[in-house]
Amino acid sequence: MPAMQPSIFISHGSPTLAIETGPAIDFLRGLGKALEQRYGRPQAILCASAHWETAGPAISTAARPETIHDFYGFPEPLYRLTYPAPGAPAAARRAAGLVREAGFDCALDPGQGLDHGAWMPLRFLWPDADIAVAQVALQQPLGPAHHVALGEALAPIRDDGVLVLGSGGAVHNLRALGQSRAGGRFDTPEWAAAFDDWLEQAVHAGKAEELIRYRSLAPYGAMAHPRDEHLLPLHVE
């Protein structure tokens with residue numbers, strides 16, 4: 001029997017991390033090794049990325065998902081990177097069945113590849129690209145509660161040895177963060193630090209209802225996330 005896998009959430013950062021070095025990359029490399037040591041090697045990975053949105057629940061079934069370069073104006077070497085992991089159609093169909101059992105409609109998409117929310121962190125977590133990967137879509141207009149329910153529906157797949165990966169951002173207000181880089185120096189803004197501290201405490205305490213209502217309960221919740229999509233992978237996870 002495969003070992004039960006965890007569900008994890010990571011901030012995937014800028015696409016340029018894929019060609020950089022530094023503490024964030026060292027963390028991702030170490031995390032992949034630590035996860036394998038504790039839980040064993042995943043049979044497959046199901047990734048909820050902030051960069052795939054659909055009207056209703058959907059899961060990718062591509063046998064050989066392409067690497068999607070879904071960003072613009074970045075250094076040219078980024079567009080040559082690939083992450084040639086196999087797809088996970090069997091795990092995807094199992095996941096879709098769980099979602100349907102929970103009362104949702106769920107589409108299967110054989111054409112969806114791996115967007116940078118998936119392949120950018122995975123190239124450091126599992127650099128050999130030899131673990132099968134499928135993606136699960138977000139429905140941003142349906143809000144956090146919908147995604148918590150979606151994550152609860154998917155949870156049993158972890159018993160099959162499938163790791164559930166939420167890839168988004170703890171803070172995602174690029175306009176406001178860009179203003180903090182004035183003069184070439186970046187200092188974490190007070191509002192971002194305050195929200196991140198609240199988020200960490202709420203996650204560790206398992207306060208699902210507060211996480212659903214983060215916009216009204218967290219300090220600077222709406223400022224940290226003008227739009228929900230980069231936090232919704234956390235609700236799925």
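Taking every heavy atom of both residues into account, Ser11 and Ala170 meet most closely at OG-N, 2.9 Å. Minimum interatomic distance between Ile131 and Ala44 (heavy atoms only, all atoms of both residues): CG2-CA, 3.9 Å. The minimum heavy-atom distance between Ala50 and Pro233, with the atom names listed, is N-CG, 3.9 Å. Across all non-hydrogen atoms, the minimal contact from Gly87 to Ala132 is O-CB, 3.2 Å. Looking at every heavy atom in both residues, Gly40 comes nearest to Gln5 through O-NE2, 3.1 Å. Taking every heavy atom of both residues into account, Ala91 and Ile157 meet most closely at O-CD1, 3.4 Å.
His147 has its side chain within reach of Leu138: a pair of non-hydrogen atoms, C-beta onward, lies under 4.5 Å apart. Counting heavy atoms from C-beta outward, Leu163 and Leu46 have side chains that stay 4.5 Å or more apart. Between Val133 and Pro65 the shortest side-chain heavy-atom distance does not fall below 4.5 Å. The shortest distance between side-chain heavy atoms of Met120 and Tyr83 does not fall below 4.5 Å. When side chains are defined from C-beta on, Thr67 does not count as touching Leu114, because their heavy atoms never get closer than 4.5 Å. Here the side chains of Thr61 and Gln112 are not in contact, with every heavy-atom distance at 4.5 Å or above. By the 4.5 Å heavy-atom criterion applied to side chains, Glu229 and His172 are counted as neighbours.
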Go through Leu211 and His235 one step at a time and tell me if the side-chain contact (heavy atoms from CB on, under 4.5 Å) criterion holds. CA-CA 8 Å; Leu211 289 166; His235 294 97; 4.2 Å; yes
Test side-chain contact (heavy atoms from CB on, under 4.5 Å) on Leu231 and Leu199; report intermediate values, then the result. CA-CA 10 Å; Leu231 198 60; Leu199 185 65; 4.0 Å; yes
Do Phe195 and Val171 pass the side-chain contact (heavy atoms from CB on, under 4.5 Å) test, and can you show the C-alpha distance, the side-chain angles, and the key distance before you say yes or no? CA-CA 8 Å; Phe195 178 79; Val171 172; 4.0 Å; yes
Pair Trp198, Tyr214 - check side-chain contact (heavy atoms from CB on, under 4.5 Å), show working. CA-CA 9 Å; Trp198 178 91; Tyr214 80 92; 3.8 Å; yes
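Looking at Ser60, its side chain does come within 3.5 Å of a backbone N or O of Gln135 through a donor-acceptor pair. Thr82 places no side-chain N or O within 3.5 Å of a backbone atom of Pro84 that could act as its donor or acceptor partner. The backbone N or O of Ala137 sits less than 3.5 Å from a side-chain atom of Gln139, completing a donor-acceptor pair. Here the side chain of Ser167 pairs no donor or acceptor atom with the backbone of Ser49 at under 3.5 angstrom.
In this structure, Val136 is a member of the same hydrophobic cluster as Val162, with clusters built from ILVMFWY side-chain heavy atoms closer than 4.5 Å. Hydrophobic clustering (ILVMFWY, side-chain heavy atoms < 4.5 Å, transitive): Val236 and Leu142 are in distinct clusters. Residue Ile8 is not grouped with residue Val164 when hydrophobic side chains (ILVMFWY) are merged at heavy-atom distances under 4.5 angstrom, including chains of intermediate members. The cluster map of Ile, Leu, Val, Met, Phe, Trp and Tyr, joined by side-chain heavy atoms under 4.5 Å apart, puts Ile19 and Trp126 in the same cluster. Leu108 and Trp52 fall into different hydrophobic clusters, defined by Ile, Leu, Val, Met, Phe, Trp and Tyr side-chain heavy atoms under 4.5 Å apart, directly or through other members.
Defined by atom type and a distance below 3.5 Å, a donor-acceptor pair is missing between the side-chain atoms of Tyr220 and Asn173.
Take His51 and apply the ring pair (Phe, Tyr, Trp, His ring centres under 6.0 Å) test, not counting sequence neighbours, and it matches His12, His116, His230. Applying the ring pair (Phe, Tyr, Trp, His ring centres under 6.0 Å) test to Trp119 and every residue at least two apart in sequence or in another chain returns His69.
Residues Phe74 and Tyr79 place their aromatic rings such that the two centres sit no closer than 6.0 Å.
Checked for salt-bridge contact, Asp128 and Arg123 miss the test: no charged N lies under 4.0 Å from a carboxylate O.
For Glu53, the CD atom counts as densely surrounded, since its 6.0 Å shell holds more than 12 non-hydrogen atoms of other residues, nucleotides or ligands.
Applying the salt bridge (Lys or Arg N to Asp or Glu O under 4.0 Å) definition to pairs two or more places apart or across chains, those involving residues 91-116 are Arg94-Asp160.
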